[in-house]
Colleague: 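Sharing a structure below in structure tokens format, with a few things to ask.
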Amino acid sequence: MSVLLALFQLMGGLAFFLYGMHVMSGGLSKLAGGSLERSLQKATSNRAFGMTLGAGITIAIQSSSAMTVMLVGLVNSGIMRFDQTISVIMGSNVGTTVTNWILTLSGVDGEGWMALLQPKNFSPVVAIIGIAMIMMSKKTRRQDIGKIMVGFAVLMFGMDQMSGSMNGLRESESFRQLLLVFENPLVAVLASTVFTGVIQSSAATIGIVQTLAATGQISFSVAIPLVLGANIGTCATALISSIGVTKDAKKVSVVHIIIKVIGTVVCLVGFYGADAIFHFNFLDAEISRAGVALVHTVFNVVNTVILFPFSKQLVAMANFFVRPTKKEGKQAFLDERLLNQPSIAVNEAVNMTCKMATLAGATIREAVNLCGSYSEKIADEILSNENALDEYEDKLGTFLVRLSGKSLSDADSRRVSRLLHTIGDFERLGDHAVNLVRTAEEIHTKKITFSDEAKAEIANLSDALHEILGLTIDAFTEDNLEMARHVEPLEQVIDALIALIKSAHVERLQVGKCTIQTGFVLSDLLTNFERVSDHCSNIAVAMLETSAGSFDTHEYLNEVKKGGFVDFVQAYDAYAKKYHIA
């Protein structure tokens, strides 16, 4: 077999390998959901926990590069601080070694039961089961497991293809001459770094090194620098992802490179320095697939152990290379890099919507209170908050639409649906807050006063509005469906209160206790109060319906109004008694 033909077969096998890795990684990430990723923000106080978490997530998603890109996005969005990512990166470097231990299965030899451990024997069975799960199962989770199995089978097929391409070169003199180039450690490190940077997968590069090891043509002295170079080259993905981000986000990529480069230099100098003194005999010995995986693991573990105590110094080095400028890039609202990991993107979209909900609730409360005691400073603050809520809806809506096009688990799909159905209601709360500011300003400038009866009625209604706001915001931010079920009965009570206030105003108007001017202002107040409670109802119903996997607001409300839920009737009676309409 010619070297050129073998190279073509090697590249074909590499293509299968990378595609299989992509499919398997995507399936694992989706299956893991947001549970591990949500813990990232908790990995700030304990560096050991952060490192463990980084290793765990990388093992789950089978990609240290994806992990680093995720961290760039989190820092760029202000969700994490740069210094909090260092221990996670170190853990990720250790976690990525698991992949190449899995690839050592390609070198398993034997007969009988041992033969079943060879990928070429069991991968077809894995692929058939995976395809059956994808085509026959209606459950998304089982389909995801099927995709993982198919991805694994394709990955192993690619690895076997690469191994086959090398088998015919065992006796090739041209191939031997080519490998002699890598006898120079610096050349080997550089070549491996560049190649890994191009294909953006250290697992694939080390897989090729394992394939070369299977030919019996490379020694430890060649494999070690190739593995070290692959570790540096894997930083290319994160480096590319840091284009156009804030300075702090750039530091994530920089510190990743610093860790790899320092580790490579220290290990090369230390190892070859020790070899010059002790003359290691094993360097010229042939290396096996497992030997390559061991070198990869030892390097990352040793590198982590050496640098773990120097986190502050690593931060200082990153700060030196990436210095602040007068024109600092604007922090991203929700960095689009998060879309590469849909589960964490969903989680951060939920967190951002909760912030929006809290802001909307606080804005309405201030606006309601403003009607009783006007303050120009608070009025300006409410107007500013309303602009912020508009921005929330615009950016969240765009992000969620893009996110909904990703491959999501059933649970994440329901969460995205809930957010898409509620962000408009939170934004509208801001609009009604502005309306109330105008009403409050009119009351203040025209010195409008209500009768004592009207004041008492408005105060009672305001209390009910404050309660439904608190109930809705707490239910949403805490994802509490039981609290959400109490919103609609209170909304019905508020509608009844408004109807009673309108009727009482007409009676007072007829006897001269109220004027037409106060009637206009009162109508504006009641209209906005009613709309606010309606939006609270919309939010609660969206929570209840999406949690059930459907969304039919009208059917739910019709069932409620027909008395279809005993709990609803009981809650309504309790609220009616509390607000004096029973």
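Below, each value reflects all heavy atoms present in this structure, side chains not excepted, and no hydrogens, waters or symmetry copies.
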Colleague: For Tyr392, enumerate each residue passing the ring pair (Phe, Tyr, Trp, His ring centres under 6.0 Å) test, keeping only those at least two apart in sequence or located in another chain.
Modeller: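 Here the qualifying residues are Phe333.
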Colleague: Any salt bridge (Lys or Arg N to Asp or Glu O under 4.0 Å) involving residues 82-100? Give me the pairs, sequence neighbours left out, ordered by first then second residue.
Modeller: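 Salt bridge (Lys or Arg N to Asp or Glu O under 4.0 Å) check on residues 82-100 returns Arg81-Asp83.
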Colleague: Listed by chain and number, what are the ring pair (Phe, Tyr, Trp, His ring centres under 6.0 Å) partners of Phe271, not counting sequence neighbours?
Modeller: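 Phe271: ring pair (Phe, Tyr, Trp, His ring centres under 6.0 Å) contacts with Phe280.
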Colleague: Check ring pair (Phe, Tyr, Trp, His ring centres under 6.0 Å) between Phe220 and all other residues, then give those that pass, not counting sequence neighbours.
Modeller: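 By the ring pair (Phe, Tyr, Trp, His ring centres under 6.0 Å) rule, Phe220 matches Phe282.
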Colleague: Any chance CZ of Phe16 has more than 12 other-residue heavy atoms, nucleotides or ligands included, within less than 6.0 Å?
Modeller: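 Counting neighbours around CZ of Phe16, 12 or fewer heavy atoms of other residues, nucleotides or ligands fall under 6.0 Å, so no.
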Colleague: Hey, can you pull the donor-acceptor pairs under 3.5 Å for the side chains in residues 254-265, sequence neighbours left out?
Modeller:
{"residue": "Lys260", "atom": "NZ", "partner": "Asn93", "partner atom": "OD1", "Å": "3.2"}
{"residue": "Lys260", "atom": "NZ", "partner": "Asn231", "partner atom": "OD1", "Å": "3.1"}
{"residue": "Lys260", "atom": "NZ", "partner": "Asn300", "partner atom": "OD1", "Å": "3.2"}
{"residue": "Thr264", "atom": "OG1", "partner": "Lys260", "partner atom": "O", "Å": "2.8"}

Colleague: Under the side-chain contact (heavy atoms from CB on, under 4.5 Å) test, which residues partner Ala475, sequence neighbours left out?
Modeller: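 Ala475: side-chain contact (heavy atoms from CB on, under 4.5 Å) contacts with Met483, Ala484, Met543.
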Colleague: With sequence neighbours left out, which residue pairs that include part of residues 187-196 fulfil the side chain to side chain donor-acceptor pair (under 3.5 Å) condition?
Modeller: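 Listed by first then second residue: Thr196-Thr205.
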Colleague: Only counting residues at least two apart or in another chain, list the ones meeting side-chain contact (heavy atoms from CB on, under 4.5 Å) with Ala213.
Modeller: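 Here the qualifying residues are Ile218, Ile287, Val292.
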Colleague: Can you name the ring pair (Phe, Tyr, Trp, His ring centres under 6.0 Å) partners of Phe426, sequence neighbours left out?
Modeller: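 Phe426 satisfies ring pair (Phe, Tyr, Trp, His ring centres under 6.0 Å) with Phe476 once adjacent residues are dropped.
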Colleague: Test of understanding: with side-chain contact (heavy atoms from CB on, under 4.5 Å), list the residues that count as partners of Ala362, not counting sequence neighbours.
Modeller: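 With sequence neighbours excluded, Ala362 shows a side-chain contact (heavy atoms from CB on, under 4.5 Å) to no residue whatsoever.
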Colleague: Ala388 and Leu359: which non-hydrogen atoms are nearest, and at how many Å?
Modeller: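 What the structure gives for the nearest pair is CB-CD2, 3.9 Å.
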Colleague: What is the minimum heavy-atom distance between Leu469 and Arg365, and which atoms define it?
Modeller: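 Taking Leu469 first and Arg365 second, the nearest heavy atoms are C-NH2, 3.8 Å.
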Colleague: Glu183 side chain to Val222 main-chain N or O, any donor-acceptor pair under 3.5 Å?
Modeller: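 No, the answer is negative, given that no donor and acceptor are paired below the 3.5 Å cut-off.
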Colleague: Can you name the residues that form a side chain to side chain donor-acceptor pair (under 3.5 Å) with Thr52, not counting sequence neighbours?
Modeller: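 With sequence neighbours excluded, Thr52 shows a side chain to side chain donor-acceptor pair (under 3.5 Å) to no residue whatsoever.
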Colleague: Can you sort out the partners of Glu427 under side-chain contact (heavy atoms from CB on, under 4.5 Å), two or more places apart, ordered by chain and number?
Modeller: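 Expected list: Met356, Glu386, Asp390, Glu393, Asp431.
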